[in-house]
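A short write-up of the structure that comes next.
Ligands are counted one by one from 1 in listed order, and the atoms in each one are counted from 1 as well. Excluded from the calculations below are hydrogen atoms, water molecules and symmetry mates; all remaining heavy atoms, backbone and side chain alike, are included. Given the structure is predicted, the values throughout are model-derived calculations rather than measurements.
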Amino acid sequence: MFFRTLFRTAVVTALLSLAAASGQEPKLINGYEPKWWKEAVVYQIYPRSFKDSNGDGIGDLPGITSKLDYLQKLGINVIWLSPHFDSPNADNGYDIRDYRKVMKEFGDMADFDTLLAGIKQRRMRLIIDLVVNHTSDEHKWFVESRKSKDNPYRDFYIWQPGHTAPDGTRTPPNNYPSYFSGSAWTLDPKSNEYYLHYFATKQPDLNWADPKVREEVFSLMRFWLDKGVSGFRMDVIPLISKPTGLPDLTPEQLKTPPNAYANGPHLAEYLQEMNRDVLSKYDDMSVGEATGTTLAQTNNLVDDRRHELNMIFNFDAIKLGRSDFGLSQLGAWSLPELKGIYDAHATVLTKHDWDTVFLSNHDNPRIVSTFGDDSPAMRVASAKLFETMILTLPGTPFLYEGDELGMTDFPFKTLADYDDIAVKNAYKALVDTGKISASAFLASQAKVSRDNARTPMQWDSTPQAGFTTGNHPWLAVNPNYKQINAAQEESDPASVLNYMRALIALRAHTLAFVYGDFEDLDPQHPHIFAYTRTLGSEKYLIVENFSSNPLAYTLPNGLKAANLLLSDIPGSHEANVSTLNLAPWESRIYKQ
Ligand code: GLC
Ligand code: CA
């Protein structure tokens with residue numbers, strides 16, 4: 001099936017280039033221009049946590065290479081690798097010291113080349129993380145920049161004198177808060193000026209207004225594309241153009257600083273330049289992490305007539321009830337709200353835009369614990385339901401390592417259980433200053449912390465879940481690894497893993513899930529998400545029971561569910577019916 005998809009994509013692409021060469025319009029599918037990245041299923045790997053090959057407790061590139069057969073069998077087409085570059089790891093690689101070197105804990109360039117060759121050999125592709133809003137403060141550009149006001153690299157970063165009170169007290173240039181607590185400005189004693197860092201003090205923001213910065217970034221992009229990577233996930237990309245004049249945020253803006261920081265006046269210009277000089281020269285894909293970007297602003301970034309990005313991650317669904325800034329609480333959410341988000345996407349985005357669909361990544365807690373029911377009786381069914389939804393809604397689906405096993409949140413108790421700088425900084429800012437009690441802070445963090453997603457992959461039931469042969473993984477393994485692991489799921493036909501394989505295979509030969517129109521049949525129902533995907537004469541019906549109770553659901557408008565293709569509950573068999581007797585968290589896919 002997999003090869004059939006590839007073959008079909010290759011044929012479509014070949015036809016398109018013929019059409020382009022002869023000056024004809026490309027052949028559209030339901031109004032969409034066909035692209036390999038629209039048809040792909042992407043799988044994110046957080047290298048530190050995926051597989052350790054040498055027993056030092058840190059996942060690495062040879063570890064990933066050793067699991068490529070597993071990924072191929074899962075059926076995914078593209079791997080997104082979180083940063084693998086040389087880094088002092090203030091923010092686990094999102095602080096880059098050298099963009100052309102591999103992080104030594106992960107291996108070296110030969111290991112990268114072996115990994116990439118292994119991916120290509122299996123007819124998959126690799127995209128890497130482009131983190132260019134900021135660098136590490138140990139990057140040579142910043143080391144130079146901070147030396148003196150007249151250093152040639154001074155303008156690579158954003159420096160300002162700030163304010164000096166009559167008594168000599170210094171205060172930052174403005175009231176910008178950092179994503180990781182405290183001010184977004186740090187006074188550097190060497191030149192006695194402040195530098196801007198939206199994230200940690202060790203992550204100074206690059207000054208994209210300097211054309212030399214842009215040329216350096218474009219050159220490192222070419223370096224990796226020429227090596228054979230197929231594109232980039234672009235870290236916090238809407239932040240690269242800073243607000244004109246950097247004025248104080250108003251009290252209203254302080255409620256959601258990312259919206260004030262993002263989509264600055266020169267963003268389109270920078271992205272169009274990047275597209276013209278780099279991206280358009282390769283058969284690549286680009287997906288921007290769109291912090292601070294509303295759905296209404298999305299067309300500005302992804303409309304294919306603008307030549308900027310292919311897609312963005314919009315956080316409306318994943319952050320439902322929470323915020324995109326600082327430390328959020330786990331908020332209440334309802335199914336009509338979640339459906340409303342997907343319905344709005346389908347309305348606002350046009351055939352020139354393309355969406356992503358995801359509920360997980362390395363910055364968010366586990367899907368099944370956050371949106372589903374991770375109790376032993378419901379975990380498997382609810383994990384399957386969310387994957388069914390993600391793989392059948394419009395947009396390119398992005399999965400995160402461990403989703404395919406239904407991995408859960410970690411039982412965090414004390415501050416020492418965490419690694420994340422976001423948690424450590426917030427503890428200092430909130431608990432050490434007496435603003436919140438330690439117990440309240442720790443209780444809310446356990447549910448939202450990014451470290452929930454970063455605990456090691458659970459491969460088997462041997463000590464440390466088969467992640468490392470050593471005794472000291474960099475972050476503790478979830479104690480539930482004896483029940484939840486890939487080896488156990490491999491041998492269980494009813495496992496999340498085996499269901500995911502079937503689901504991904506079904507999507508791979510069903511273009512309606514890619515290019516088909518979407519219709520939500522019952523937006524207000526509190527527990528059921530029922531929708532269709534239609535491509536020409538082909539129609540699919542998807543029905544999902546978002547509750548831990550069985551439910552009899554009668555389809556609206558006299559509709560009948562025809563042929564059952566897949567259910568996440570083994571033994572489910574109802575077909576040609578208008579009332580469906582759904583088990584808790586059951587999801588079904590019908591061909592109409
Ligand atoms: C993005 C990354 C996150 C990182 C931040 C700063 O949000 O996903 O992990 O901490 O950018 O680079
Ligand atoms: Ca290792």
Side-chain angles (χ1 to χ4, degrees), residues 44 46-67 80-85 87-96 102-108 111 128-137 139 178-181 184 197-206 232-240 257-258 261-262 287-293 312-315 318-319 323-328 358 360-364 398 400 419-426 449-454 456-457 464 466-475:
Q44 182 190 355
Y46 196 67
R48 186 162 282 265
S49 306
F50 194 64
K51 173 70 184 165
D52 173 21
S53 71
N54 62 354
D56 67 355
I58 299 176
D60 45 50
L61 302 186
I64 301 172
T65 302
S66 73
K67 294 294 182 186
W80 151 24
L81 187 63
S82 273
H84 65 282
F85 316 93
S87 164
N89 285 306
D91 186 20
N92 283 350
Y94 283 90
D95 49 318
I96 297 170
V102 170
M103 191 191 296
K104 65 177 183 318
E105 294 87 335
F106 292 171
D108 58 20
D111 295 320
I128 59 175
D129 222 307
L130 185 73
V131 188
V132 289
N133 172 67
H134 45 266
T135 67
S136 163
D137 66 343
H139 192 289
S178 150
Y179 277 74
F180 292 160
S181 305
H197 55 87
Y198 280 156
F199 295 88
T201 47
K202 282 184 70 65
Q203 292 168 296
D205 279 42
L206 282 165
F232 304 96
R233 174 268 187 185
M234 300 187 184
D235 194 65
V236 296
I237 200 72
L239 302 184
I240 59 176
Y261 295 163
V287 52
E289 187 207 14
T291 180
T293 302
I312 60 163
F313 296 127
N314 165 293
F315 293 115
I318 198 171
K319 299 280 185 185
S323 89
D324 174 13
F325 189 77
L327 289 175
S328 54
F358 66 102
S360 54
N361 60 31
H362 65 294
D363 291 330
N364 286 278
F398 283 74
Y400 180 72
D419 168 83
D420 187 2
I421 185 170
V423 176
K424 306 236 148 133
N425 282 2
S449 167
R450 313 196 293 179
D451 280 342
N452 281 303
R454 300 177 180 183
M457 265 293 276
Q464 310 301 345
F467 163 70
T468 175
T469 53
N471 295 322
H472 302 287
W474 72 278
L475 193 62

Original post:
Tell me, do Met103 and Arg48 make a side-chain contact under 4.5 Å, heavy atoms counted?
Top reply: yes
Original post:
With a 4.5 Å limit on heavy-atom distance, are the side chains of Phe232 and Asp129 in contact?
Top reply: no
Original post:
Quick one: does Asp111's side chain have a donor or acceptor within less than 3.5 Å of a partner on Leu61's backbone?
Top reply: no
Subject >> Short side-chain donor-acceptor distance under 3.5 Å, Ser87 and Tyr94 >> reply: no
Original post:
At a 4.0 Å threshold, what atoms of ligand 1 neighbour a non-hydrogen atom of His362?
Top reply: 2 (C), 3 (C), 8 (O), 9 (O)
**OP:** Could you tell me which atoms of ligand 1, counted from 1 in the order shown, lie closer than 4.0 angstrom to a heavy atom of Arg450?
**Re:** 3 (C), 4 (C), 9 (O), 10 (O)
Original post:
Can an N, O or S atom be found in Ile58 less than 3.0 Å away from the Ca ion (ligand 2)?
Top reply: yes
Original post:
With the Ca ion (ligand 2) at the apex, how many degrees lie between OD1 of Asp56 and OD1 of Asn54, rounded to 10 degrees?
Top reply: 80°
Original post:
Does ligand 1 have any atom sitting under 4.0 Å from a heavy atom of His197?
Top reply: no
Original post:
Which heavy atom of the protein is the closest neighbour of atom 8 (O) of ligand 1, given with residue, atom name and distance?
Top reply: Asp363 OD2, 2.4 Å
Subject >> Proximal atoms of ligand 1 relative to His134 (non-hydrogen, under 4.0 Å) >> reply: 6 (C), 12 (O)
Original post:
atom 5 (C) of ligand 1: which protein heavy atom is closest, and how many Å away?
Top reply: Phe199 CE2, 3.7 Å
Original post:
Nearest heavy atom to atom 2 (C) of ligand 1: which of Asn364, Asp235, Thr291 does it belong to?
Top reply: Asp235
Original post:
Which part of Arg454 is near ligand 1, with near meaning a heavy atom under 4.0 Å away: side chain, backbone, both or neither?
Top reply: side chain
Original post:
Please state the angle at the Ca ion (ligand 2) spanned by OD2 of Asp60 and OD1 of Asp52: what is it, rounded to 10 degrees?
Top reply: 90°
**OP:** Using a cut-off of strictly less than 3.0 Å, determine whether Ser53 has an N/O/S atom near the Ca ion (ligand 2).
**Re:** no
Original post:
Quick one: do the Ser181 and Asn425 side chains pair a donor with an acceptor below 3.5 Å?
Top reply: no
Original post:
Are any of the side-chain heavy atoms of His134 and Leu239 separated by less than 4.5 Å?
Top reply: no
Original post:
CZ of Phe313 to OG1 of Thr293: how many Å apart, nearest 0.5 Å?
Top reply: 13.0 Å
**OP:** Run the numbers for me: atoms of ligand 1, each under 4.0 Å from some heavy atom of Val236, listed by number.
**Re:** 1 (C), 7 (O), 11 (O)
Original post:
Side chain or backbone of Met234 under 4.0 Å from ligand 1, or both, or neither, by non-hydrogen atoms?
Top reply: neither
**OP:** Decide, counting backbone as well as side-chain atoms, whether Glu105 has an N, O or S atom less than 3.0 Å from the Ca ion (ligand 2).
**Re:** no
Subject >> Min side-chain heavy-atom separation Leu475-Asp451 under 4.5 Å >> reply: yes
**OP:** May I ask you to identify the nearest protein heavy atom to atom 7 (O) of ligand 1, giving residue, atom name and distance to one decimal place in Å?
**Re:** Glu289 OE2, 2.8 Å
Original post:
Is the gap between the ring centers of His362 and Tyr46 under 6.0 Å?
Top reply: yes
**OP:** Kindly say whether the aromatic ring centers of Phe358 and Trp80 come within a distance under 6.0 Å.
**Re:** no
Original post:
Would you say Asn89 and Glu105 make side-chain contact, with heavy atoms under 4.5 Å?
Top reply: yes
Original post:
In the protein, what heavy atom is nearest to atom 4 (C) of ligand 1, and what distance, to one decimal place, separates them?
Top reply: Asp91 OD2, 3.3 Å
Original post:
What do you reckon, does Phe180 put a non-hydrogen atom under 4.0 Å from ligand 1?
Top reply: yes
